[in-house]
Structures are given as structure tokens and as C-alpha cells.
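One-based numbering along the sequence shown. Read the numbers this way: they start at 1 and go in the same order the structure lists the ligands and their atoms. Both backbone and side-chain heavy atoms feed into the values below; hydrogens, waters and symmetry mates do not.
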Amino acid sequence: MTPLSSVFTDALPLTPEAVAAEQSIEEERARIAHDLHDDLGGDFVSIKMAVAQLRKGLEQAGTASDMLNERLAQIDTRVDAALASMHRLIDDLRPAMLDFGIVAAMEWHASEFTRQCGLPCSFTSDISGTDSEADSEADSDADSDADLEGDSDAGSNITLAPHRAMSLFRIFSEALTNAARHAHASQVKAHLTLDGAQLQLTIEDDGTGISAQALQNPQSRGLRGMRHRVLTLGGTLMQQAPTTASGTRLCVRIPLL
Ligand SMILES: Nc1ncnc2c1ncn2[C@@H]1O[C@H](COP(=O)(O)OP(=O)(O)O)[C@@H](O)[C@H]1O
Ligand SMILES: [Mg+2]
């Protein structure tokens, strides 16, 4: 097993300040996502309603014309496009599915990934059950102590702070993106399990494998970002021997707290 931390030796050791900064960045992203949704989302919906009223008013006044209707339809289409971009931004800032717990969010992401990339990704976990109650408000305020995500099921209860869930989700997302972009794989398998007080996520593809050169390249920002997040969570990121003839198997272990 190769710890990726030993590959990227030039990185500075993480200080408590850096860990706190990472947490506050995630909290800030979640706050911006909420503001975008509530403020900008509300504004866009008002514009759509105003366009609909205007169209109706023109018709009732007998002043509608093809040109005016066409312009209004264009505005409506532009607003729909802006709404779609806004939702993409929001999801990038903080995936909404995390409100249903890390397991549900990963399941959803794996199936979206399969649908969008055409590379089959299976996600399994023996941690079942979701908790929607804790997280719906979890990211709206800065006090994360009260905002714990609990996946409740007999035998596999986990409690994971929202910013930790978000970091783990981003690591998962980057690993899948890499498998799709670089591996020339035919499938990806991911598994999330609990090992004592450690949450363990393995992501394995049957592609070409990561070259030593890529591992040592300072431009490998995705891999470095993954490693940075893992270290921030007090965990480890290892490259393990894949179970298939070739490919990449990453193993992330993070303490629950
Ligand atoms: N699952 C993978 N299979 C094969 N090669 C990979 C995989 N993941 C990463 N790599 C290699 O590592 C390099 C760095 O990855 P990354 O740091 O995520 O940067 P980027 O995805 O922007 O190229 C990639 O360009 C690729 O060569
Ligand atoms: Mg990448």
C-alpha cells in the first residue's frame, strides 16, 4: 500500500489553524449555497411570473404581437438557463443530497455519474439509513456542534459533522471524475464501511492505473486536493493494489469525529 501522503512530500504539515480554515470555508460555501437558492432563486422565479403576467396582459389588451411574444419567450428561456446554472453552482457549493446523509448522497452521486458519464459505478455500503432531520438546517448556521448528521440504523449508526460529510463527498466525486477522465475503465466500484471509529471509503476502477509520474506531478491538483482534505479530516489516503489485473484502488480512512 502506498500512502499518497508520502508521494506528495512537499506539502506543509497541517496546522490546527489550517484545519479550522478548511472547516470555515466549507461552512461559508454552504451559506452561499443557501443564499443563492433563497435570494437569487426567488428573484428568478419573480421574473418568470412577471413575464407570464405581461404576456397575459398584452393578450387581454389586444396588444400582443408575434415579435413581443417571441421576445418574452426568449426572456423566459434565458431565465430558465440562468436558473439551471444557479442550481449547478449551488450543487457544486454544497450538494443538496447531503441533506439526506452521506450514504444517500454517495448513492445518488454514483447513479448520476453512471447516467452522465456512461461509466457504470456501483456504490455499496453496510451503513444504512439516512437522516434528513439533522442536516436540513445543518449548513445554514455556523455552529456545527449542533449540526450533526446521523445515519440511523441498528448496528451502524454514524455521526458525522456536515463539513466532514461534505469533504468526504468531494473526495468521492474527484475519484469518480478521475476514473472517468483518465482511467479508460469499464467500471468503478465504491464501498463505504465503518471500521471501529473509522469511516472507510474505497474507490476502485479497472483502468490503466495512476502512473508514478502523475503521482509526483505538482500539477496533480485533484490528487493533492484529495490528500489535503483527508489530512484535514485527520485521516489517511492510501493507494492499494487493485483486485483486478490493472486499475486504481484508493482507500480513504477518516475518524468519525
Ligand atoms: N483513476 C485514475 N486512473 C488513471 N490515472 C489517473 C487516475 N486518477 C488520476 N490519474 C492520473 O493522475 C493525474 C492527476 O490527477 P488529478 O490530480 O486529479 O488531476 P487532473 O484530473 O486535473 O488531471 C491525471 O492526469 C491522470 O494522469
Ligand atoms: Mg482530477
Notebook entry, point to check: Where the Mg ion (ligand 2) is the centre, what is the OD1-to-OE2 angle for Asn178 and Glu174, rounded to 10°?
Noted result: 100°

Margin query: Students should be able to answer this: which protein heavy-atom is nearest to atom 7 (C) of ligand 1, and at what distance?
Written below: Ile210 CG1, 3.5 Å

Next item on the list: May I ask you to check whether Thr243 and Glu204 show a side-chain donor-acceptor distance below 3.5 Å?
Entry: yes

Notebook entry, point to check: To the nearest 0.1 Å, how far is atom 9 (C) of ligand 1 from its closest protein heavy atom, and which atom is that?
Noted result: Asn178 ND2, 3.7 Å

Next item on the list: Look only at interatomic distance and state if Asp205 has a nitrogen or oxygen under 3.5 Å from any nitrogen or oxygen of ligand 1.
Entry: yes

Check: Any side-chain heavy-atom pair from Lys189 and Asp206 closer than 4.5 angstrom?
Finding: no

Check: For ligand 1, which atoms have a heavy atom of Ser220 less than 4.0 angstrom away?
Finding: 14 (C), 17 (O)

Check: Can you find a heavy atom in the side chain of Phe172 that is under 4.5 Å from one in the side chain of Phe123?
Finding: yes

Check: Quick one: SG on Cys121 to CE on Met106, what's the gap to the nearest 0.5 Å?
Finding: 10.5 Å

Next item on the list: Would you check if Leu250 and Gln239 make a side-chain contact, meaning some heavy-atom pair closer than 4.5 Å?
Entry: yes

Check: Is there side-chain contact between Arg55 and Asn69, with at least one heavy-atom pair below 4.5 Å?
Finding: yes

Notebook entry, point to check: Does any non-hydrogen side-chain atom of Arg71 lie less than 4.5 Å from one of Met67?
Noted result: yes

Item checked: Nearest option to atom 17 (O) of ligand 1, as decided by whichever heavy atom of Asn217, Leu176, Leu223 sits closest -> Leu223

Note to self: Students should be able to answer this: which protein heavy-atom is nearest to atom 21 (O) of ligand 1, and at what distance?
What the structure shows: His182 NE2, 2.7 Å

Next item on the list: Could you tell me if any non-hydrogen atom of Gly209 lies under 4.0 Å from any atom of ligand 1?
Entry: yes

Checklist line | Interfacing atoms of ligand 1 (cut-off 4.0 Å, heavy-atom, Arg181) | finding: 20 (P), 21 (O), 22 (O)

Next item on the list: May I ask whether Glu174 places a heavy atom under 4.0 Å from ligand 1?
Entry: yes

Checklist line | Thr232 vs Gln23 side-chain heavy atoms within contact, under 4.5 Å | finding: no

Margin query: What protein heavy atom lies closest to atom 12 (O) of ligand 1? Include the residue and the distance to one decimal.
Written below: Ala214 CB, 3.3 Å

Margin query: Using a 4.0 Å cut-off to any heavy atom of Arg221, which atoms of ligand 1 qualify?
Written below: 17 (O)

Check: Numbering the atoms of ligand 1 from 1, which are under 4.0 Å from a heavy atom of Thr248?
Finding: 1 (N), 2 (C), 3 (N)

Notebook entry, point to check: With side chains defined as the heavy atoms from C-beta onward, is the minimum distance between Arg170 and Glu26 less than 4.5 Å?
Noted result: yes

Notebook entry, point to check: Asn217 versus Gln213: any side-chain heavy-atom pair under 4.5 Å?
Noted result: no

Checklist line | Within-cut-off N or O pair, Thr208 and ligand 1, under 3.5 Å | finding: no

Margin query: At less than 4.0 angstrom from any non-hydrogen atom of Gly222, what atoms of ligand 1 do you find?
Written below: 16 (P), 17 (O), 18 (O), 19 (O)

